[in-house]
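First comes the structure, then the notes that go with it.
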There are 2 protein chains.
Amino acid sequence: MSTPSENSSAALLKLENQLCFPLYAVSRMLTKAYQPYLQALDLTYPQYLVFLLLWEHDELTVKELGEKLLLDSGTLTPLLKRMEQKQWLSRRRDPRDERSVLIALLPAGQALREAACHIPEQLLGHMGMSQDEFEQLRSQLNTLLTKLA
Amino acid sequence: MSTPSENSSAALLKLENQLCFPLYAVSRMLTKAYQPYLQALDLTYPQYLVFLLLWEHDELTVKELGEKLLLDSGTLTPLLKRMEQKQWLSRRRDPRDERSVLIALLPAGQALREAACHIPEQLLGHMGMSQDEFEQLRSQLNTLLTKLA
DNA sequence: CAATGTTTGATTGTGTACAATTAAATTTCT
DNA sequence: AGAAATTTAATTGTACACAATCAAACATTG
């Protein structure tokens, strides 16, 4: 597959030899694969990720959400406001430190958990991977993430 | 690492057990890693991907670009118009089929190739991966892409 | 305690992404 | 040829993403 000449700058510049493109494309296509399941719950994919954290932690600051999701306030603030409008969560300043905003689950957000809890299993089907392949890929991506983050 | 209980719906719903999140995060962080190199050329990451194809093919329709990048016209049309304004490429209807728009490199776009040709090698440094790891990850992602696309 | 510096969100502006709709051109079918 | 179906871009509207800037609250230090 890789002849000596394929390490030249010219070959490295071809789309098909990039690692970045399949990452970018798979990420978008996987988001699309979630879409039918999430749309049924009126959720977007980044909102689903916020819920994954809130279902685990119940209350987090915007900063903590940002650190865990690697998203900044320019993304999170409007996204969380939309989720607040749907009565899924509450936003209030931390009385002990007015700079922080505490995000907490409301009953409607808590209830969504039951409706969403089978989404991961359903997505596994779309990917058609063995448990081993899944784990290996996840581990490689997490390693790469720590190098890039 | 994975106890029997970790295959429950509850465990599958944790952010840390997802494959989708590291994919999403690595994709965004990798785009960020390109940023300093691309910004020096006044390019965005998706625009860079368009160039990778045009440097190979010289002239493509919007449809062909969309098929190769898995992007639709709602994304490509405004993106290509911005690139046209910078005189990097031309947009014209195909005389033989007026429904198609031909995208062709202009000299300024052709010239950018020399300025960009060492970007892939520089990015490899940021990822700190061996050739083998790189190839293995790329191959797994491409397999997954064909399943999702 | 007052001045300085830091932390934390919010805001603004630009650029993707993508679903859904529209419109024009072409192809197909009778 | 003419109607119907298909193909291809463009448009519209919503929702991220993120750099850059701002503003308020807190912490630190002399």
Side-chain angles (χ1 to χ4, degrees), chain A residues 20-21 23-36 38-40 42-50 60-67 69-86 91-103 148-149, chain B residues 20-21 23-36 38-40 42-51 60-67 69-86 88 91-103 148-149:
Chain A
C20 61
F21 173 66
L23 263 167
Y24 164 78
V26 166
S27 175
R28 286 184 300 110
M29 293 305 109
L30 191 51
T31 299
K32 249 185 213 174
Y34 275 87
Q35 231 264 329
L38 297 179
Q39 187 170 266
D42 192 28
L43 272 176
T44 66
Y45 179 71
Q47 289 169 8
Y48 171 70
L49 294 182
V50 167
L60 290 167
T61 65
V62 173
K63 179 181 169 56
E64 287 166 331
L65 281 170
E67 281 171 353
L69 297 175
L70 304 177
L71 291 171
D72 75 2
S73 68
T75 302
L76 286 175
T77 295
L79 185 156
L80 292 169
K81 282 181 176 175
R82 282 186 286 271
M83 296 178 76
E84 183 187 32
Q85 280 182 351
K86 292 178 197 280
R91 296 165 66 249
R92 64 188 175 92
R93 293 282 166 180
D94 185 339
R96 291 168 310 173
D97 185 342
E98 292 279 346
R99 291 170 304 180
S100 298
V101 169
L102 292 170
I103 304 299
L148 292 171
Chain B
C20 62
F21 173 65
L23 264 168
Y24 163 78
V26 166
S27 174
R28 288 184 299 112
M29 293 305 109
L30 191 52
T31 299
K32 249 185 216 177
Y34 275 87
Q35 232 261 329
L38 296 178
Q39 187 171 263
D42 193 27
L43 271 175
T44 66
Y45 178 71
Q47 290 169 6
Y48 171 70
L49 295 181
V50 167
F51 266 130
L60 290 167
T61 65
V62 173
K63 178 181 169 59
E64 287 166 330
L65 281 171
E67 281 170 354
L69 296 176
L70 304 177
L71 292 172
D72 75 1
S73 67
T75 302
L76 285 174
T77 296
L79 186 155
L80 292 169
K81 282 183 175 174
R82 280 187 284 272
M83 295 177 78
E84 183 187 32
Q85 280 182 351
K86 292 178 198 279
W88 287 332
R91 297 166 64 249
R92 65 189 175 90
R93 294 278 165 184
D94 185 340
R96 292 168 308 174
D97 186 341
E98 292 278 347
R99 291 169 304 180
S100 299
V101 169
L102 293 169
I103 304 298
L148 292 172

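Just so it is clear: chains get the letters A, B, ... in the order the sequence lines come, proteins before strands, and each one is counted from 1.
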- Message: Is B:Arg28 close enough to D:dC18 that one of its side-chain N or O atoms is under 4.0 Å from OP1 or OP2 there?
- Response: yes

- Using a cut-off of less than 4.0 Å, is there contact between a side-chain N or O of A:Thr44 and OP1 or OP2 of D:dC16? yes

- Message: As an exercise, state the distance from CG of B:Leu70 to CZ of A:Phe21, rounded to the nearest 0.5 Å.
- Response: 5.0 Å

- Whole-Å distance separating the CG atom of B:Asp72 from the C1' atom of D:dT11: 12 Å

- Side-chain heavy atoms of A:Thr75 within contact of A:Pro46, under 4.5 Å: no

- Task: Indicate yes or no for a side-chain donor-acceptor contact from A:Thr31 to the backbone of A:Ser27 under 3.5 Å, with no hydrogens or angles considered.
- Result: yes

- How long is the line joining CG of A:Asp97 and C1' of C:dG9, in whole Å? 11 Å

- Of the candidates D:dT6, D:dC16, C:dT7, the side chain of A:Gln47 sits closest to D:dC16

- Message: Tell me whether the side-chain N/O atoms of A:Arg91 come closer than 4.0 Å to OP1 or OP2 in C:dA10.
- Response: yes

- Query: Looking at A:Arg82, does any N or O in its side chain come under 4.0 Å of the phosphate oxygens OP1/OP2 on D:dC16?
  - Reply: yes

- Send over the distance from A:Leu43 CG to C:dA19 P, rounded to a whole Å. 17 Å

- Rounded off to whole Å, could you give me the CG-to-C1' distance for the A:Leu80 and D:dC16 pair? 12 Å

- Task: May I ask you to evaluate whether B:Gln39 reaches the phosphate of D:dA19, defined as a side-chain N or O under 4.0 Å from OP1 or OP2?
- Result: no

- Is the phosphate of C:dG15, meaning OP1 or OP2, less than 4.0 Å from a side-chain N or O of B:Lys81? no

- Looking at B:Leu23, B:Leu148, B:Leu71, which one forms a side chain to side chain contact (heavy atoms under 4.5 Å, CB included) with A:Arg28? B:Leu71

- Please determine if a side-chain N or O atom of B:Thr75 lies less than 4.0 Å away from the OP1 or OP2 oxygen of C:dA17. no

- Query: What's the CG-C1' distance between B:Leu69 and C:dT16, to the nearest Å?
  - Reply: 13 Å

- Message: Could you measure the distance from the CG atom of A:Leu76 to the NZ atom of A:Lys63? Nearest 0.5 Å is fine.
- Response: 12.0 Å

- Select from B:Asp94 and B:Pro78 the residue whose nearest nucleotide in DNA chain C is closer to the 5' end of that strand. B:Pro78

- Query: With a 4.0 Å cut-off on heavy atoms, is B:Leu76 in touch with a base, just the backbone sugar-phosphate, or nothing at all?
  - Reply: nothing

- Message: Rounded to whole Å, how long is the line connecting atom CE of A:Met83 with atom P of D:dC16?
- Response: 9 Å

- Message: Side chain of A:Arg99 only, heavy atoms from C-beta on: which candidate in C:dT7, D:dA19, C:dA10 is closest?
- Response: C:dT7

- Message: If you compare every side-chain N and O of B:Tyr45 against the phosphate oxygens of C:dG15 (OP1, OP2), does one of them come in below 4.0 Å?
- Response: no

- Item | Toward the 5' end of DNA chain D, by each residue's nearest nucleotide, A:Ser73 or A:Glu98 | A:Ser73

- Task: Verify, without hydrogens or angle tests, whether A:Arg91 (side chain) and A:Leu102 (backbone) share a donor-acceptor contact under 3.5 angstrom.
- Result: no

- Message: Of the options D:dC26, C:dA19, D:dT8, whose atoms approach the side-chain atoms of A:Gln35 most closely?
- Response: C:dA19

- Query: Using a cut-off of 4.0 Å on non-hydrogen atoms, how would the nucleic acid contact of A:Thr31 be classed: base, sugar-phosphate, or nothing?
  - Reply: nothing

- Message: Please report the distance, rounded to the nearest Å, between CG in A:Leu79 and P in C:dA17.
- Response: 17 Å

- Query: OP1 or OP2 of D:dA10 sitting under 4.0 Å from any side-chain N/O of B:Thr77?
  - Reply: yes

- Item | Nucleotide D:dT14, atom P - distance to CG of A:Asp42 in whole Å | 14 Å

